[in-house]
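Just so you know, ligand 1 is whichever comes first in the structure, and atom 1 is the first atom listed for that ligand. None of the values given here were measured: they were computed from a predicted structure.
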Amino acid sequence: MPSIREKVRRKVSRAIRDFEMFARKDKLLLALSGGKDSVTLLLVLRELNYTFEALYIDLGVPSFSEISEKAVREICEREDIPLHIVRAEQEKRISVQNVTQDYPGKECNVCGTLKRQLFNRFALENGFDVLLVAHNLDDEAAMLFGNNRNWDFSYLRKSLPVLHGKSGFVKRAKPLCYVREDETKLYTRYLSLPVVSESCPFSTGKSRRKYDEILEFSDERFPDFTETYYRSFLGSAAILQSLPQEEVTLQPCEECGELSATRLCRLCAVKKGVWKKS
Ligand SMILES: [Zn+2]
């Protein structure tokens, strides 16, 4: 029986190879939150001798962001990984606090956009080839399950392990796509890594939690349901990729210039108080 350390390392190594995620010469940026998944990925990439840098985004969540920043500083210092910190409030003049007042319950949607824009822009401006995100198999399966309800192919594609870069968007890869949630939990515990165990006070994640519950229930009824469900999807990925893609025309947001499908990007619409109100 391989140790959890070896098991996770093998899975990551296989995923990088199977999906041709990146090469050693690529300039890699790890999206680091301080949670168990991104800290696991940091350690594994280190063990696999990859050269990379990490980016932490301070979202301005009282107490939670401070605890997270302390954890990422600790692990990066210990493992000698260059760490960059971007503060949402400085860059975008928005923090999750602003959102709570005007859009209670919508913090996660706005936070997701904030992170996507900031990670992407930092990667592009600093010449990184690939952004590594630490989504595990359970994260991807839950998202896929949610999007499967409507069979919207453009959304189903988002659950693929590699999202190729295009104009204005850096390539994103998910090296933990074969790794289960329980495994990163075990891994960080086994290696006594400094990780943030608290969850974000805003992440009530209502719909995500419901999908998790459905998948957990399915796992009880059909052994390995979640794993089979996601891996079968990966097996059919070629079909999905061969389908013609609907071209969404993106334009620079009138306020901040970020590419957006609407006149104002979601963040600027939130700041102006017109998001979902027009
Ligand atoms: Zn904007």
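Around the Zn ion (ligand 1), protein N, O or S atoms at a distance under 2.8 Å total 4; waters are neither shown nor counted.
Both tests hold for Lys158 against Tyr155: distance to the six-membered ring centre under 6.0 Å, angle to the ring axis within 45°.
None of Glu198, Glu183, Glu181 except one satisfies the salt bridge (charged side-chain N to carboxylate O under 4.0 Å, His left out) rule with Lys36; the exception is Glu181.
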Test Asn136 against Asp139 for side-chain contact (heavy atoms from CB on, under 4.5 Å), laying out the working first. CA-CA 5 Å; Asn136 62 46; Asp139 295 329; 3.3 Å; yes

List the atom pairs, donor and acceptor, that lie under 3.5 Å between side-chain atoms in residues 186-195 and the rest of the protein, sequence neighbours left out.
from, atom 1, to, atom 2, distance (Å)
Thr188, OG1, Thr184, O, 2.9
Thr188, OG1, Lys185, O, 3.1

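Using cut-offs of 30° and 60° for the angle between ring planes, the Phe225 and Phe222 rings count as tilted. Phe145 and Tyr211 have perpendicular rings, their planes meeting at more than 60° on a 0 to 90° scale where under 30° would count as parallel.
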